[in-house]
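Below is one structure, written out as structure tokens, with a few remarks after it.
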Amino acid sequence: ADTPEITVFAAASTTNAITDIIALFTAENKGRVTTSFASSSTLAKQINQGAPADVYLSANPKWMGFLEKNNMIEPGTRFDLLGNRLVLIAPLDSSMDVTITSGFNLAGLLGQEKLAMGDPDHVPAGIYGKQALTTLGVWESVASKVARAKDVRAALMLVERGEAPLGIVYATDAAISKKVKVVAFFPENSHPAITYPVALVSGKATPGARAFLEFLKTSASGAVFEKYGFSLR
Amino acid sequence: MGKPGPCGFVSFLLLLPWRPWLFQNFWLAVWNGACEEKIDPMLDIDLKKVQGDFTVEAAFVAKGAGVTAMFGHSGAGKTSIINMIAGLSRPDAGHIVVNDHCVFDGEKNVHIPPEGRRFGYVFQDGRLFPHLSVRNNLVYGMKRVPPGARYIEFDQVVDLLGISHLLKRHPATLSGGEKQRVAIGRSLLTSPVLLIMDEPLASLDQARKSEVLPFIARLPRELRVPILYVTHSVDEILNLADTLVFLSNGKTLAVGSVETVSARDDFQRLTGGMEAAVVVSTRVDSHDPGAGLTRLEFPGGMLSVPLVDLPVNGTVRARIHPRNVGLALEAFPRTSFQNIFQGIVTGINDPCNGSLVNVSLDIGIPLMATITPRARQELDLKPGTRVHAMIKSVSVSLGYVAT
Amino acid sequence: MGKPGPCGFVSFLLLLPWRPWLFQNFWLAVWNGACEEKIDPMLDIDLKKVQGDFTVEAAFVAKGAGVTAMFGHSGAGKTSIINMIAGLSRPDAGHIVVNDHCVFDGEKNVHIPPEGRRFGYVFQDGRLFPHLSVRNNLVYGMKRVPPGARYIEFDQVVDLLGISHLLKRHPATLSGGEKQRVAIGRSLLTSPVLLIMDEPLASLDQARKSEVLPFIARLPRELRVPILYVTHSVDEILNLADTLVFLSNGKTLAVGSVETVSARDDFQRLTGGMEAAVVVSTRVDSHDPGAGLTRLEFPGGMLSVPLVDLPVNGTVRARIHPRNVGLALEAFPRTSFQNIFQGIVTGINDPCNGSLVNVSLDIGIPLMATITPRARQELDLKPGTRVHAMIKSVSVSLGYVAT
Amino acid sequence: MEFLKLTSVELEALRLSLWISGWAVLGSLVPGILVAWVLARKQFPGKVLLDGLVHLPLVVPPVVTGYTLLLLMGRRGILGKWLYDLTGIVFAFNWKGAALASGVMAFPLLVRAVRLSIENVDQGLEQAARTLGAGPIDLFFTVTLPLIFPGIITGIILAFARSLSEFGATITFVSNIPGQTQTLPLALYTLTQVPDGEAGALRLCIISVVVALAALVVSELLAGRMERRMRGKNRSHVGH
Amino acid sequence: MEFLKLTSVELEALRLSLWISGWAVLGSLVPGILVAWVLARKQFPGKVLLDGLVHLPLVVPPVVTGYTLLLLMGRRGILGKWLYDLTGIVFAFNWKGAALASGVMAFPLLVRAVRLSIENVDQGLEQAARTLGAGPIDLFFTVTLPLIFPGIITGIILAFARSLSEFGATITFVSNIPGQTQTLPLALYTLTQVPDGEAGALRLCIISVVVALAALVVSELLAGRMERRMRGKNRSHVGH
Ligand SMILES: Nc1ncnc2c1ncn2[C@@H]1O[C@H](COP(=O)(O)OP(=O)(O)OP(=O)(O)O)[C@@H](O)[C@H]1O
Ligand SMILES: Nc1ncnc2c1ncn2[C@@H]1O[C@H](COP(=O)(O)OP(=O)(O)OP(=O)(O)O)[C@@H](O)[C@H]1O
Ligand code: MOO
Ligand SMILES: [Mg+2]
Ligand SMILES: [Mg+2]
């Protein structure tokens, strides 16, 4: 019979996990899935302009809120799918040894060099990072040493290349790179909870799309997410 | 609705939606109609245009199919004028009427684009298409003329100009003279209704010139195509032209027959005086193949010239150069001078500070002889002296034009 | 180390690190040295080059500072040759030696770049710099010559060419003849050691020509600058040239004095026969201002011509056109003919199928008279007939060159 | 040479990139030449505006262009909606949109190159063509166009290369949908988001470069042939 | 006109953008003209490679260029390290790096425009200059360069506009540090990433456009003056 066609717009940072999950989903013959991975903001704006998305997985609640405000989200379908941790990373060969405590000497560790992180003005990981550093009382001292990257992956790359001795990224990003190591986890209470909300696009609440949304909650999916470093909400 | 005049018709066409290919055929229809009616070819030109500090203000009328030569010092405005006639630049005011068709009228705001005029134009600076082979350069204009309106053959032109071995080449590899010949061929092959040539033979050798010039001279007579011809060569003017337009500083100084205009002082000055000649219109009276002579009748009697192939009773222009006119007080038998005219000295002047003397004679027509002061003393010439003017028949030059 | 010859010296320079400004001064030093030593100017040229289907194979030597005219049909290879001499294209083999300096040698792999040769070149196609004003075009080359090596003044050139009113303009607005004049001025102002001119006067009016030609003619004599002059005008050749190089299909057919080369049949054919003339070298014997005559001595006696401003004992070339030579069986008194030579008919031929007869005479030198068949019959001319050749003094043309 | 074997995803991206860049160039060629001609030859009020408009996609970041396209040509867009009602053509989120985005981004480069060539055309030759009976349109095709051939080639190469690398405007306008809008740069971007993606990214990068290089070589050959013909094979040259 | 008053952040971004684009153009001008000349005039083995290399930044996505720059010119980069040791110049995370990235991205556009112009130069004029005593370098400055002025202007405008909009390579190579590397497009990008940033983004966009338009007008005036001079003020034209 006719397998449902589902289009998933997902934050680029979930590319691996979602790709794997879709493989599982189609293997069960539940439907054919098309994806588009881009930054959450791009996807949100596209959905707002009538993009053919059925499912939207955002890396932060802000852009989900934007779509909700514009009535582009099927009411009652939004839920928080994933969580993430914020970590301090260093190049693999780094000898740096850090414990994150209130007022730890980040500036001293950096010296003349930069701290790579997502742009604290808009990149979710950067926003969380700034909040964490502020809570820990070190933001003032390192603000001028921040290399604000376009997205988390760019920050990751700066550390990979050794251009920055330290960086702040998600645990999931640290997990995909073989050239960096996690130096320390930020205390979970140093920043608001990191959540990835997911929802159906308004008018797209088809059985297929609902099935996919449900499939994300299954333990099979959960295992995949955890494999890539996400925590489940 | 009354029958509209040509200018009216033209303005009407200009109101039509602008479709050049369609248009082109319209113009052709207009021209062809005209040609069939055998309207007497003529140019009626009156132009004014300001270009920087330079003002062109030229007006002339040339009647009958023929060669109109434009002559004037370098920078006199010749190229500027023919650009306007060809439609490449727009005059500020005036009118251009060719063969009774008005192609420009400042007041009625008529301005037919160049492609609607079907004038052939041989440019002073060649302007061959560098991306086309010589053959494609030649046929570029020809292809745009319906076969029915063509009066000249490809092979004929290629042979005349001696460019058959160049057809496959591209202009970049041609020599200066080869380029010039291709440019002439290209415009001839459009079978134009008026042929405009801007110093077309400047870089050709004499042998080629003497082939091309008579061919050009035949076009007006045989095909009724008027020619507007810019040149610095007095020889070419005297050989070709019916009407001479003499320009200076953008103004027409004189317009008229070659005979009258070329006799002007300012014309003679521009040609360096050296080239001055008395030009007479003559009628072919008879041929004498045995003696190798043709006899031409002119108001002063008969002029013998070497045998030429012209119809009896046709007219031909003869040029007698004052430096070739000898004077004697008696007539002598048994000389090689076939032309000895009795005449009377009408004036003597001395233009070159004592090294040369110009003697004006009346032998039925005015004639000039240039002699040395010594000869003047020996012959004791003064106004009223009766003399014999001796002219070698081979020193008389004839124009190509005869009708 | 022995003193290196010029070619060796040149190859040595070519090994130096390539610094054009430096180089330029080197070349100038080389040339200036030469000029001070007053080496007798000469051209020694031997070239071979294949261009497409066309092969240039030309060799000629011209001794003494003077005008070497290159003459040949359109496409004969004139421009190709002077491009090689100027250094703009490299011959496949041969050598080019100018004033004892070797600027190209195929075997020794010497090839001085054009800017090192300091030859002035007036191009057939103008090539003015469109981005520079006329004044800046004129001084472009001048500025690149040290003041000490300049032999010609800016004002002098501008006046001669009549371009002072154009100095502020840009080439785009100039007429054809104006462009040509600026191009001539531009190359003159480089004070070249050899002046190459490719049909430079083609688009000038006669009045301007007669001002510029004598000026050019003076350069070799007064400044010892040799000139290589390409032209289709026989007049210009006969007036200017000392040596005539006659080309056909890329080969030098003949090289030699104007007198000998211009007498060749193939030369006469190319000039249409109409321009043929007997050219004699003469010595200025005396001036007679009262009679308005200058007497020139030549192997046949004395030739009277209108008074000219030439030093006594100088040599000058006189041209006698066969069509201006009249024949009579007796000598007549009281005519305007100042030159009557007794001679003997040496041959008669009839080149034009009965319309003209060429009579060869011996009057001390060979002379030609063209007459009609009728005159031949009347005078009953045959080889051996004694005749009087009558030549109007004003019909003799003189060259500009005298030494 | 395992490394050189393309995966189906890569092949798909390559195919799509070529298709989209091809259409982008094809589609912008005629309007590009037209606009270049108008800018080179005509004087009219508002010329500066047209000029500015043409340069716009070059001046603003690609993302802005993409977003503007989304707003204008999206399914809800001002023009997009109207176009859909009129012709049924949809640009949003399909290859047509990607081609549109690439075309718009490449347009200024095409126009500038062609315009430069048109300004260099000797108008004397066009005048000659008119006296030979060619009207303005006729002569444009038979004289101007062949003479600006090198400029058109340059414009095409610039436009094609720019299209091939177009990322920001494309991902913003038509999103990153494999098989539909995922061109080489977008696939490359996706690969940078996954672990071990670097090798794949490098492969895609090499593919792009090879394609562009091939296009470059073809264009140089074409232009070279034209040039040789117009200058004469054995043109005199200045030696050193 | 509250809307038109720039905030200090915007002013800073504008200042930095102009500074960086200016240096990018200035720095690439001389090598660009040189490379264009070599490509237009010389035949040598490996010419295709040089040609391809020049086009590379146009062909690969800007992010890749930025990444490559990071690999090469970063503080730990192959060349960057060496350059630092030698001269003390650092490109990483400062305006110099931004200018380098912009310059590299704009380079192919500059080269192509100039090359096109050089190919159009009548070599007969250069030959004339040589017979007038100008050596190859002399004539390049006094004849070739003035004649390709329109091409240089076009190249500069393309390069400047491209620099002004450069985003991907810059943000990848030197990151987005306000006051140091945050140019207009980077500031604009930041604003597009927050839900309420549109008004601010529009302002920055308008600033970019105004700057570019001003540059465009100046360039057209310059080129126009040159053109008028070279063609003659009242040049004959074909009317309709
Ligand atoms: N834009 C301009 N500004 C000033 N003068 C100009 C302009 N355009 C042309 N002229 C002048 O107009 C005059 C006429 O030029 P034109 O080309 O018609 O001369 P011509 O008679 O054909 O001369 P030639 O025999 O030398 O070709 C020249 O003196 C030229 O300098
Ligand atoms: N690349 C080429 N391939 C074939 N033939 C060529 C090439 N380049 C030049 N030629 C031929 O060489 C011949 C000599 O040309 P050149 O320009 O030297 O003639 P020229 O004597 O100056 O003639 P003109 O008096 O017409 O200027 C011409 O017939 C020309 O067609
Ligand atoms: O949605 Mo993103 O790619 O984590 O900014
Ligand atoms: Mg003229
Ligand atoms: Mg020639």
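Proteins come first, then strands; the chains are lettered A, B, ... in the order of their sequence lines, and each starts at number 1. Bear in mind that the values here come from a model prediction, so they are computed numbers and not experimental data.
Side chains of Gln51(C) and Ser80(C): a donor-acceptor N/O pair is present below 3.5 angstrom, by distance only. Residues Asn358(C) and Thr370(C) have side chains that bring a donor and an acceptor to within less than 3.5 angstrom of each other. Side-chain contact check for Thr294(B) and His287(B): at least one donor-acceptor pair (N or O, by modelled atom type) lies under 3.5 Å.
With a 4.5 Å cut-off on non-hydrogen atoms, Gln338(C) touches chain B through its side chain but not through its backbone. Within the 4.5 angstrom heavy-atom criterion, only side-chain atoms of Arg181(C), from C-beta onward, approach chain B. Residue Ser175(C) touches chain B through its side chain alone, counting heavy-atom pairs closer than 4.5 Å. Neither the backbone nor the side chain of Asp125(B) comes within contact range of chain C; no heavy atom of the residue lies under 4.5 Å from a heavy atom of that chain. Heavy atoms closer than 4.5 Å to chain B are found nowhere in Asp198(C), neither backbone nor side chain. The contact between Glu378(C) and chain B is made by backbone and side chain atoms together, counting heavy-atom distances below 4.5 Å. Looking at Ser395(C), both its backbone and its side chain come within 4.5 Å of chain B, counting heavy atoms on both sides.
The most heavy-atom pairs under 4.5 Å with chain B, out of Arg376(C), Arg208(C), Glu178(C), Arg169(C), come from Glu178(C). Here Ser336(C) is the residue among Ser336(C), Gly162(C), Ala328(C) with the most heavy-atom pairs under 4.5 Å with chain B. In terms of non-hydrogen atom pairs under 4.5 Å with chain B, the most contact-rich of Ser74(C), Gly177(C), Ser304(C), Gly72(C) is Ser74(C). Across Leu379(C), Leu381(C), Val325(C), Val387(C), the residue that shares the most heavy-atom pairs under 4.5 angstrom with chain B is Leu379(C). Residue with the most contacts toward chain B among Ser393(C), Pro306(C), Gly326(C): Gly326(C) (heavy-atom pairs, distance under 4.5 Å).
Thr231(B) pairs with exactly one of Glu236(B), Glu199(B), Lys78(B) by the side chain to side chain donor-acceptor pair (under 3.5 Å) rule, that one being Glu236(B).
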